[in-house]
Amino acid sequence: MPAVAAEAAATEAGAAAPARPGPAKAGPDDLRYRSLTHRGCNARFAGTPDYVRVAASTEQVVEAVQQAVREGRRIAVRSGGHCFENFVDDPAVRALIDLSPMTAVHYDERRRAFAVEPGASLGETYRKLFVGWGVVIPAGATAEVGVGGHILGGGYGALSRRYGLGVDHLYAVEVVVVNGRGEASAVVATREADDPRRDLWWAHTGGGGGNFGIVTRYWFRSPGAEGSDPARLLPRAPSSALTFSASWSWKDLDQEAFTRLVRNHGSWHEHNSAPGSAYAGLFSVFMLNSRKAGTVDLVGVVDSNGSRARQLVDDYVAAVGRGVRARPTRTHEDQPWLQAAANVQETPPAFFKAKAAYLRKRYTDRQTGTLHGHLASAAGDRVGGSVWLVSYGGEVAAVAPDATAVAQRDSILKAVYLTGWATPDDEGPSLAWVRGLYRAMYADTGGVPVPGDVSDGSFVNYPDTGLADPALNTSGTPWHTLYYKQHYPRLQQIKARWDPRDEFRHALSIRLPR
């Protein structure tokens, strides 16, 4: 039995496990306070809660929530710290509950599922699942992201085109909730059809974080997986990964060449993103950087090895560059899969703003022209920014839209509009640039990606409070429709059942039904 599996089995059998730290409480005078309140990835936001409660167990989370409710303090929770907006660091938050010590990953024999705590990074989770059992959850491509909030928004990454979303393999959740009497408790909800709490499980398959309670444990088992052999209950991990890049120099790209690259890339995804595609194992990010960056970069990975993987990459890069006279600079590297997927590198907080959208088809020619105009403009040259087109589709589209809370199932790409800056003084021009680009891209639908033939709303794990700003969203389509589409009323009913006092809320949280 592999070492990790043996350790988990010993724990399940009741053997002594390493002692967890006791609950810690850090106020403004505590030497830990600044570090705990400044570990979010977006340096724009740093909260000033009355205290931070560091919890290492479900019981400690229940205690922390109960105390905050009793004291009437607004609650927020942090696991990995990768929220793009100020949901955790809102000035109104008075009690911050930090789950960073909760990093356990083990096989739960009783539930025949893998238990993962919210403070575990994706890289840690991949490593433990791979070393122990050779399996994987098809979740994010950024190893340092915490499982906690990532799964709540759906959980997608480099293996999703082959195996679906992370939530497509979610069997159960343990959630600390608060009832109408203000009593905190931990409950477990599963996907079993006869589970009276199944609605709470469903809400956590893409309903977003900070809405219903605090998740203290996830369990993963693929639908239809049979038997008790852990190695057969989740997808098998790849043995190796071929990473690649292709970079075109801006000095070699006029508007016609740029337009052709973007059109080719979108058309390729239109034709190669169905379930069962021969390219299911290929994941890429097309980084359409402003001219200031110097290049436009296509980077990605294929989850297989040998000459077949290299041929897939060569064909893909050739298809994207077809008809473009400029030739890209190419790199590729064959790596063991674990090395490619689980290398956690802590990135310091940075000042940035992100906006997002789903694409059901490639950009229209008008949108592509707009994109070139902004990226090649003098403002883009001064400020700097990017639009990332991220591979989607494949087995994601094989799941019915109502099976989980993720409503966008037939999209082929995710678009991420990004800008960053060095100091707070630089914020104004950068925000103006990315907001202007976004509004121009969706000028035909009120400045936002209203679901339709080409667009399909936005991604809740790349939250953007601008979608709720009537000055920026003139579409008449509310922010919650852009994120949740037809699922929002159902999510509101689940909110009313499990968080009737609205203890868990933020700028874009599910609202209680009137």
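Quantities reported herein were computed from a predicted structural model and do not represent experimental measurements.
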Would you check if L375 and L288 make a side-chain contact, meaning some heavy-atom pair closer than 4.5 Å?
-> yes
Separation between CD of E395 and OG of S277, rounded to the nearest 0.5 Å | 10.0 Å
Side chains of E144 and T347 in contact at under 4.5 Å (non-hydrogen atoms) = yes
Over 60° means perpendicular and under 30° means parallel, so classify the ring planes of W268 and Y316, tilted if in between.
-> tilted
Does H372 have its ring centroid less than 6.0 Å away from the ring centroid of F258?
-> yes
Classify the ring geometry between H506 and F87 as parallel (under 30°), tilted (30 to 60°) or perpendicular (over 60°).
-> parallel
Say you draw a straight line from CE of M102 to OG of S79; how long is it, rounded to the nearest 0.5 Å?
-> 10.5 Å
So do the side chains of L467 and S458 get within less than 4.5 Å of each other, counting heavy atoms only?
-> yes
Sub-3.5 Å donor-acceptor pair from the side chain of R197 to the main-chain atoms of V187, do we have one?
-> no
What do you reckon, are the aromatic ring centroids of F352 and F84 less than 6.0 Å apart?
-> yes
Can you find a heavy atom in the side chain of V399 that is under 4.5 Å from one in the side chain of V406?
-> no
More than 12 heavy atoms from other groups under 6.0 Å of CZ on R366 | yes
Answer yes or no: is there a donor N or O on one side and an acceptor on the other, between the side chain of H150 and the main chain of H82, under 3.5 Å?
-> no
Candidate list K25, R39, R32, test salt bridge (charged side-chain N to carboxylate O under 4.0 Å, His left out), partner D98, passing option = R39
Can you find a heavy atom in the side chain of I151 that is under 4.5 Å from one in the side chain of F220?
-> yes
Does NZ or CZ of K355 come closer than 6.0 Å to the centre of the six-membered ring of Y462, within 45° of the ring's axis?
-> no
Considering only heavy atoms from C-beta outward, does the side chain of Y392 approach that of I412 to under 4.5 Å?
-> no
First locate atom CD1 of I510, then atom CG of N211, and finally report the distance between them rounded to the nearest 0.5 Å.
-> 4.5 Å
Does the side chain of D426 come within less than 4.5 Å of F351's, by heavy atoms?
-> no
Is there a side-chain contact between D456 and D410, using heavy atoms and a 4.5 Å cut-off?
-> yes
For P118 against L99, the heavy-atom pair lying closest together = CG-CD1, 3.7 Å
Distance in Å, Y484 OH paired with Q492 CD, rounded so as to fall on 0.5 Å steps | 11.0 Å
Are R263 and T368 close enough, and set up right, to give a side chain to side chain donor-acceptor pair (under 3.5 Å), and what steps lead you there?
-> CA-CA 8 Å; R263 183 185 296 140; T368 305; over 6 Å; no
R490 NZ/CZ over W202 ring centroid, <6.0 Å and within 45° of normal = yes
